[in-house]
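Encoded as structure tokens, the structure appears first; notes follow it.
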Amino acid sequence: MPVGTQDFALLQDVGQFIYREARLQDEHRYADWEALWADDGIYWVPANGDGGNPEMEMSILYDNRSRIGLRVRQLMTGRRYSQTPKSRLRRLISNIEILETAGDTVTAGCNAFIYESNIKGETLWAARNDYVLRREADGFRMVLKKVVLVNNAEPLYNLAFLV
Amino acid sequence: MNSHVAARPPAVPAGPIERPIDWDALIEADRVHGSLYTDPAIYALELERIWRRTWVYVGHESEVPKPFDYVMKSVGPEPVLMIRGRDGKVGLLHNRCPHRGNHVCVSERGTARSFTCPYHGWTFNADGSMRGMPFPSGYEGVDREGLGLGRVARVEAYRGFVFASMAAEGPSLDEHLGAAKGIIDEVCRNSPTGEVELTCGFLKHKVKANWKFVVENETDGYHPGFVHSSIFQVSGSRITELYGDKSLSLARYLGNGHTEIDLRPEFRKRAEPLSWFGTTPARLPDYVARMNEAYGEDKAREIMIDGVPHVMIYPNLFIAEIQLFSIQPLAVDQTVQHVTALQFKGAPDINRRLRQQTMGSVGPAGFLLADDAVMYEGTQIGVGLSNPEWLYIGRGRHRERQDEQGYLVGCATDETTTRGIWRHYRSLMEAA
Ligand code: FES
Ligand SMILES: [Fe+2]
């Protein structure tokens, strides 16, 4: 199927959104990052594989919108000691693909590679990210962000930054 | 979904340690020497005298509900398979082929009537006995009896909680648990069926710290108000009251290394059922109805006021109100906490909340545990530094007393628990 200019424009919009989200996370811009969420947003980091039913199984992180807000507020107290001092972070995003579009929502996927440096040393994280984005008046909002860490079945060190 | 064996340990020296250790020079009544957390020889001796000798918590029977279900577990750093046999009894097998030592199982859980070693194809029954080896003519006249998978010497369960001892001889599980049995009973009575289940999988949280720092922190009532102030502040939680200077809660040493923070005096003062869980009966009507039915309203109310204990069963089982941790040492400065939500059999409404609160608070991203982790990691770095070389654990020593049952208690923030742990540690390590 030939890819039309429409699709390129969408891919570019989605890509810019994902890059921006990555940068806000790397730079610990918590409030700006929180503003990217839709009111019904779900932030999910499964444990032990690609993710079973998060309502029945333990996940590393399974936040609804209000818990996302709580997480951000905790980070902003300045006493979230697992982020004091904050991890130095840079993440590379690649392989962005639009997987599905339906009405005003877009499902997209990408790979992420995160370099973390903190007092403990260096930690490397690799993940597959899936996004469900909804187009709202002033741009996309995240309805779902699912981060599947490659090593999520192994014991993991603290993951207290926004992944 | 199935993944590799979790928490694969680094090689650990086995066998007796040559160097004699002068415990008087390392453990005093109100201080302990930093090298206890950093010396590889002490760690190796702990594996021998604690992890391979005493009773260690392994898993829960509900994790292997049917015959031939198995799940990968550990006894200290060593991986074992917890498997339910044909007869319904839960046993533990070492995941190590008796031929050349390869593992015979690499998936974390499943159902298997037999295990086949991938190296040369030896197969074993679910009870560990030898089933067969390829090209059997090469083994003519060989006694196969002794060529099964190693079985953990003693395996016993109390109310579904499975404990193991790698030593054939020694105190019974009953003797080891002692007062902790009553506390496990208290945990279970919060379930309307009297049964606890572990059915939602584990998070595995790794820290660069000695296992003893983790054990001590679990019933250190001094730290929560500080370490967790960020989440208490933004969540409007009332937990700081429980661990404040004015709290009626008690730090208790139960003997045999077991410790608890008894929060009941504070909950009883509040006299609000389910306050321990940060909720109200109105929000969990099904659970409350089932509890009333099971225990009668008065007793149910009492149970729902007291809540689930906060207990550290030495050396590795920690039950903290809503969740269960199993502490696994991997190296002198490397520890994993395997953690899951407690689930009360027959109470889906509270179980859902137990899972969600557990996910919020523990594991690598947890509102609580990530902050504890950096504390033990900080102390681990500290004990590697000189001046002072010792850690001071004397808080509240002057106000310790015996409670009605003869257990030593202090204020919630006192180091009564830590001192008890060290006395027990010393007795285990000194035992020849
Ligand atoms: S090592 Fe297992 S069959 Fe050879
Ligand atoms: Fe803590």
Side-chain angles (χ1 to χ4, degrees), chain A residues 30 42-64 66-87 116 118-121 123 125 147-163, chain B residues 1-8 108-109 198-209 226-236 323 328 330 334-341 343 351-352 355-356 358-360 362-375 377-378 380-381:
Chain A
Y30 305 128
I42 297 278
Y43 181 25
W44 181 26
V45 181
N48 303 312
D50 293 338
N53 178 355
E55 294 288 338
M56 298 306 291
E57 288 167 35
M58 293 287 290
S59 294
I60 295 166
L61 203 149
Y62 183 54
D63 287 359
N64 60 13
S66 82
R67 191 172 274 178
I68 291 167
L70 189 64
R71 192 170 294 280
V72 163
R73 290 205 302 285
Q74 184 187 26
L75 286 163
M76 294 200 298
T77 59
R79 277 173 288 116
R80 173 60 157 162
Y81 294 113
S82 44
Q83 279 299 303
T84 315
K86 297 180 179 86
S87 295
E116 179 191 19
N118 63 15
I119 26 188
K120 191 165 68 261
T123 314
W125 304 88
V147 179
V148 180
L149 297 165
V150 171
N151 59 341
N152 69 8
E154 301 290 332
L156 300 178
Y157 287 127
N158 266 2
L159 183 67
F161 61 86
L162 296 173
V163 66
Chain B
M1 176 72 208
N2 279 341
S3 65
H4 286 280
V5 183
R8 212 172 293 123
E108 201 148 350
R109 55 174 60 244
L198 303 184
T199 47
C200 53
F202 281 81
L203 299 183
K204 299 160 205 144
H205 186 186
K206 183 165 67 164
V207 291
K208 280 192 180 168
F226 310 102
V227 174
H228 306 304
S229 62
S230 61
I231 189 62
F232 297 159
Q233 178 196 320
V234 298
S235 65
Q323 59 242 154
Q328 182 188 19
L330 285 190
Q334 191 97 224
T335 304
V336 177
Q337 299 199 73
H338 302 256
V339 44
T340 189
Q343 300 278 272
N351 285 346
R352 180 167 179 277
R355 287 192 297 270
Q356 291 195 328
T358 297
M359 274 190 253
V362 300
F367 292 135
L368 295 171
L369 257 285
D371 294 331
D372 288 306
V374 292
M375 298 304 151
E377 287 174 344
Q380 187 66 31
I381 292 168

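Each chain gets a letter, A, B and so on, in the order its sequence line appears, and its residues count up from 1. This is a predicted model, so every value here is computed, not measured.
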Atom of [X], atom of [Y] and distance for their closest heavy-atom approach:
{"X": "A/Y81", "Y": "B/F226", "answer": "CE1-O, 3.4 Å"}
{"X": "A/L70", "Y": "B/F367", "answer": "CD2-CE1, 3.8 Å"}
{"X": "B/V339", "Y": "A/M58", "answer": "O-CE, 4.1 Å"}
{"X": "A/E57", "Y": "B/M359", "answer": "O-CE, 3.6 Å"}
{"X": "A/N158", "Y": "B/V374", "answer": "ND2-CG1, 3.5 Å"}

_B/R352 side chain to A/E55 backbone, donor-acceptor under 3.5 Å_ = no
*Does A/K120 use its side chain to pair, donor to acceptor, with the backbone of B/K208 at less than 3.5 Å?*
no
*In terms of heavy-atom pairs under 4.5 Å, which option from A/Q83, A/R73, A/M76 contacts chain B the most?*
A/R73
*For the candidates A/T84, A/V163, A/T77, which exhibits the highest count of non-hydrogen atom pairs separated by less than 4.5 Å from chain B?*
A/T77
*side chain to side chain donor-acceptor pair (under 3.5 Å) involving B/Q334 - partner list, sequence neighbours excluded*: A/Y157
*asked:* My understanding is that only residues two or more places apart in sequence, or in another chain, count here; which of them pass salt bridge (charged side-chain N to carboxylate O under 4.0 Å, His left out) with A/R71?
replied: A/D63
_Is there a side-chain contact between A/R79 and B/F232 in this structure, where contact means two heavy atoms from C-beta onward sitting under 4.5 Å apart?_
no
*Is there a side-chain contact (heavy atoms from CB on, under 4.5 Å) between A/Q74 and B/D371 once you walk through the steps?*
CA-CA 11 Å; A/Q74 184 187 26; B/D371 294 331; 3.5 Å; yes
*asked:* What part of A/L156 gets within 4.5 angstrom of chain B, counting heavy atoms only: side chain, backbone, both, or neither?
replied: both
*Give, as side chain, backbone, both or neither, the part of A/S82 having an atom under 4.5 angstrom from any heavy atom of chain B.*
both
*Please name the residue in the list B/K204, B/R109, B/E108 that meets the side-chain hydrogen bond (donor to acceptor under 3.5 Å, both in side chains) test with A/N48.*
B/K204
*Go through the steps to decide whether A/Y62 and B/Q356 satisfy the test side-chain contact (heavy atoms from CB on, under 4.5 Å), and finish with yes or no.*
CA-CA 8 Å; A/Y62 183 54; B/Q356 291 195 328; 4.2 Å; yes
